[in-house]
Novice: 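Sharing a structure with you now.
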Protein chains: 2
Amino acid sequence: MLSQTEENYLKAIYSIGLSKPKSVNTTLIAKKMETKPSSVTDMIQKLAEKEFIHYEKYKGVSLTQQGKKIAVEIIRKHRLWEVFLVNKLHFNWDEVHEIAEQLEHIKSDALISKLEEFLDFPKHDPHGDPIPDENGNIAHHKKIMLSSVETNTHCIVIGVKDSSSSFLKFLDSNNIQLGSTLKVISKEEFDNSMLIENNNISISISNQISKNLFVKNL
Amino acid sequence: MLSQTEENYLKAIYSIGLSKPKSVNTTLIAKKMETKPSSVTDMIQKLAEKEFIHYEKYKGVSLTQQGKKIAVEIIRKHRLWEVFLVNKLHFNWDEVHEIAEQLEHIKSDALISKLEEFLDFPKHDPHGDPIPDENGNIAHHKKIMLSSVETNTHCIVIGVKDSSSSFLKFLDSNNIQLGSTLKVISKEEFDNSMLIENNNISISISNQISKNLFVKNL
DNA sequence: TAATAAGTTTAGATTAGTCTAAACTTTTGT
DNA sequence: ACAAAAGTTTAGACTAATCTAAACTTATTA
Ligand SMILES: [Mn+2]
Ligand SMILES: [Mn+2]
Ligand SMILES: [Mn+2]
Ligand SMILES: [Mn+2]
């Protein structure tokens, strides 16, 4: 049975791998895990030994089939628990990540399958990220950033890229949620900020923000 | 912050202390924790150092105020999670202990208070054990064993002493739940077995069983 | 009450996860 | 192309939790 730490490393390697198609290296893992590169080296040697990752000295790592399976299972659990925390316990979407970070390590297949049923087989977590099914399949629908939406077009918010509490609180304070319909009023060429309309209220949004909001066309 | 292991030790010391009013000694803790006495000695020295227990070499241990507070908090979390698993996820009462053993270590005060509210402030876990309130107060109502109920008397099942899966499954197979009304038909002096009636069906019950069922008078 | 048994602690290892400092390899930029 | 910078690994140390074997203390009982 894997330790929590090992599970967290596999998850970190998986998620770095998604955004960085080049090799997942020691420094990136260290940053993600908030630890030192030397600690990472120790751990990846152990994980390679156990055949959860491919590893060649100085060349970075990638997940094996086994390793990927486990990473996705942890992500599935993490996201289901986040749905529970928001939908059932009424946590705000910026408060759930830390707790899910712990809950994702509870070991019980029966628990997660009953939880999924209790939640009515949700397809997305509270930040719009897809929930893998019990076989590890993830529905990756392609993500359009709000920043690339044409002027005078309507769109619906379907996810956030950055789930930091500060970003989510900013969205809350502007009444932007998953499902909100936004209209792009104008774009400022100088700094790529944009003026958008939400609930008949116009808001000015920096490029920093609009790059972190995923939308779909209405 | 306490480790899971430290929390489990404090809980074990607390629960041994309830049944054994004499000193809680190394061997008993080792048995409960399924570990060796030498490991227990190491741990109790650490817990004494941190002032969670009183400890005198060769004389056993007892919880300090701080230690007791933590033990009760863990028990509160354990029992609330058990209620969640049975009432919301529809686990059977014999399946929840192991999972709650993990869930009880999740660190989040907000989580447990929202969970408690979600469950509608339950007073008892699925085995009839009282759930401590957020201040650590436990309602210990005195427990009558079925074995000591008079012949021809009705009573209601309010708890089980032994929550082992095998005992709970036995009760299931005889349709005995918390809240079941039982009538004592007769007692056998020879082996202290008794004949009882449940849902108009009579069942013969060994003393082993009747000593592990808590009831209240109807 | 003194020998034996039972229970407890210590000494010395082991494994997991982490760290710093030093050594080593790869990449980058003249 | 080669020196400096950046990145990675190793060596050695530390803490937490566990173990076995040996030493020690307390309880039992003849
Ligand atoms: Mn999350
Ligand atoms: Mn985690
Ligand atoms: Mn339990
Ligand atoms: Mn536990």
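Note that the structure is a prediction, hence the values are computed from the model and not measured. So that the names make sense, note that chain A is the first sequence line, chain B the second, and so on, each numbered from 1.
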Novice: Could you give the CD1-to-P distance, from B:Ile44 to C:dG7, as a whole number of Å?
Specialist: 15 Å
Novice: Any salt bridge between B:Lys107 and A:Glu101, counting N to O under 4.0 Å?
Specialist: no
Novice: Whole Å only: how far is the NZ atom of A:Lys22 from the P atom of D:dG7?
Specialist: 13 Å
Novice: What I want to find out is whether B:Glu95 reaches B:Lys169 closely enough, with some N-O distance under 4.0 Å, to be called a salt bridge.
Specialist: no
Novice: Take atom CD of B:Gln45 and atom P of C:dA11, then tell me their distance rounded to the nearest Å.
Specialist: 10 Å
Novice: Could you please name the option among C:dT10, C:dT18, D:dT9 that lies closest to any side-chain atom of A:Tyr9?
Specialist: C:dT18
Novice: Could you tell me if the ring centre of B:His78 sits under 6.0 Å from that of B:His97?
Specialist: yes
Novice: Would you please classify the geometry between the B:His141 ring and the B:His124 ring as parallel, tilted or perpendicular, with 30° and 60° separating the classes?
Specialist: tilted
Novice: Polar atom pairs between nucleotides 23-28 of chain C and protein, under 3.5 Å, N or O only, would you list them?
Specialist:
from, atom 1, to, atom 2, distance (Å)
C:dT25, O4', A:Tyr58, OH, 3.4

Novice: Which atoms form the tightest heavy-atom contact between A:Gly128 and A:Leu178, and what is the distance?
Specialist: N-CD1, 3.5 Å
Novice: Give the rounded distance in Å between these two atoms: OH of B:Tyr55 and P of D:dT25.
Specialist: 13 Å
Novice: Which residue is it: A:Lys77, A:Lys69, A:Arg76? I am looking for the one with a salt bridge (Lys or Arg N to Asp or Glu O under 4.0 Å) to A:Glu73.
Specialist: A:Lys69
Novice: Taking A:Arg79 for the side chain and A:Asp129 for the main chain, is one N or O donor matched with an acceptor at less than 3.5 Å?
Specialist: no
Novice: In this structure, how many angstroms lie between the C1' atom of D:dC19 and the CE atom of B:Met43, rounded?
Specialist: 14 Å
Novice: Tell me whether the side-chain N/O atoms of A:Gln4 come closer than 4.0 Å to OP1 or OP2 in C:dA16.
Specialist: no
Novice: When you compare the protein's N or O atoms with those of nucleotides 19-22 of chain C, which come within less than 3.5 Å of each other, and at what distance?
Specialist:
from, atom 1, to, atom 2, distance (Å)
C:dC19, OP2, A:Thr35, OG1, 2.5
C:dC19, OP2, A:Lys36, N, 3.1
C:dC19, OP2, A:Ser39, OG, 2.6
C:dC19, N4, A:Asp42, OD2, 3.4
C:dT20, O4, A:Ser38, OG, 3.0

Novice: Within the structure shown, what part of the strands sits under 4.0 Å from A:Thr5 by heavy-atom distance: base, sugar-phosphate, or nothing?
Specialist: sugar-phosphate
Novice: For A:Lys50 and C:dT15, give me the distance from atom NZ to atom P, rounded to whole Å.
Specialist: 12 Å
Novice: Side-chain N or O of B:Thr26 less than 4.0 angstrom from OP1 or OP2 on C:dT9?
Specialist: yes
Novice: Check the distance between C:dT9's P and B:Glu56's CD and give it to me in whole angstrom.
Specialist: 11 Å
Novice: How far apart are the closest heavy atoms of A:Pro37 and A:Thr26, and which atoms are they?
Specialist: O-CG2, 3.4 Å
Novice: Does the ring of A:Tyr14 carry A:Lys68 above it, NZ/CZ under 6.0 angstrom from centre and within 45° of its axis?
Specialist: no
